[in-house]
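Data first, discussion second: the structure below is written as structure tokens.
The analysis underlying the following values was restricted to heavy atoms, covering all of them including side chains, and did not include hydrogens, waters or symmetry mates. The model shown is predicted, which means the values in this text are computed figures rather than measured ones.
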Amino acid sequence: MKNLQICLLVLLAALFAGCETEGKFRDTSYYNPQVTFNPTWLQGDYRITYNGSESPYVSKSEKTFKLEIFRKDDATDTPVLAENECPSDKAITLFRPVGSELAVYTGNEDKYTTFIPTIIFSGNKDDYTATFNNGEIEEGETNYIAKDNLTGTFRIVRKADNTILYEEEITLEADGTLQFMQLSDTEFLEIPESDEPDPESRQYTKIRFFYTADAFPEHDKLRLVVYLMDLDAAQFTEAIAIIELEAGKISEYIQIDNDAFGQGSVNGVYDLIDENGNMIVDNTQHFNTSIQIGTSDNKFMTFRFVDPSHQGGDNVGCSRILYTPWE
């Protein structure tokens, strides 16, 4: 009997202990809000508090919490962002919209869109800053921007002396791109988005061309005759296109057949002729000039003609500056 009483006491103690533990678990259960930065390198500049604490836990009894973000290098302890009602059970992304320090995204907002600026600099791109409405933009990266902030002033600034090299009022396209190319120290060319249809298949690529007046002085217009060449430079087609070029303007696209010689890709050669019929480049004589296509991986390609010597012939270069790969 005594043993039975002892067993009953032990059993009751275990039951009460279990109830107490369960009660404590209910009282101390927490959410661990998933707060991330996009891009991730932003995280190194900030610290986060959750309801005033740096501990990343929020009681499950609280459906929302106060999120505050502070700059690590700010001694004033003033938050750069404070959100009083962040959902405790949803992932939260902190990002930097153009023109703002930080913003919160929890998956429901429709206030922001993105764009990707591509700027081809002739020198070191780190020597320049690009801004939109005075907010710095990240070249070559996905930039977030408020949908009510798509029209404004785009600038390219040289960091060394804060000189504005380019300034224009533009309207960004939601989920679009912004493409510029540096032509000289103070001259930039906007390369607008094209509504050109995709080629029929990877067998085809669409290419286009341009040049600037400084490459061929006193020649505002040039005639370009394009031929295809096999990868061994042994076979050539008849002329597949004749294009009238204007200085500083990008030509229309022409479509080429990557399988013209059964190799799956091709290159090209060309004649370049001035307004008076003089041959700047003659493909039958100037063998160091070519259009290096060489792949069927791209659906669009843009080429630029240059001639620093202004002597023509084999001094003329035709370099690829932009391309859009097949996905």
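Proximity of the aromatic rings of F95 and Y112 is defined here by a centroid distance below 6.0 angstrom, and this criterion is met. Taking the six-membered ring wherever Trp is involved, the centroid distance between the rings of F305 and Y270 falls below 6.0 Å.
Ion pairing between a basic and an acidic side chain is recognised when a charged N comes within 4.0 Å of a carboxylate O; E244 and R223 show such pairing. Residues R47 and D77 are paired through a salt bridge, judged by an N-O separation under 4.0 Å between the basic side chain and the carboxylate. For R202 and D297, the salt-bridge test passes: some basic side-chain N is under 4.0 Å from an acidic carboxylate O.
Both Y211 and V226 belong to a common hydrophobic cluster when Ile, Leu, Val, Met, Phe, Trp and Tyr are linked at side-chain heavy-atom distances under 4.5 angstrom. Transitive grouping of hydrophobic side chains (ILVMFWY, heavy atoms separated by less than 4.5 Å) brings L102 and I92 into a common cluster. Both I243 and I293 belong to a single network of hydrophobic side chains, linked directly or stepwise wherever heavy atoms of I, L, V, M, F, W or Y lie under 4.5 Å apart.
The salt bridge (charged side-chain N to carboxylate O under 4.0 Å, His left out) test with R155 is passed by exactly one of E168, E169, E167: E167. Only one option out of F180, F132, F188 pairs with F154 in a ring pair (Phe, Tyr, Trp, His ring centres under 6.0 Å); it is F180.
For the pair K60 and Y31, the cation sits on the ring face: its NZ or CZ lies under 6.0 Å from the ring centre, inside 45° of the axis. For the pair R71 and Y46, the cation-pi criterion (under 6.0 Å, within 45° of the ring axis) is fulfilled.
At least one donor-acceptor pair closer than 3.5 Å links the side chain of D230 to the backbone N or O of Q235. Counting only distance, with no hydrogens or angles, the side chain of D259 and the backbone of G264 share a donor-acceptor pair below 3.5 Å.
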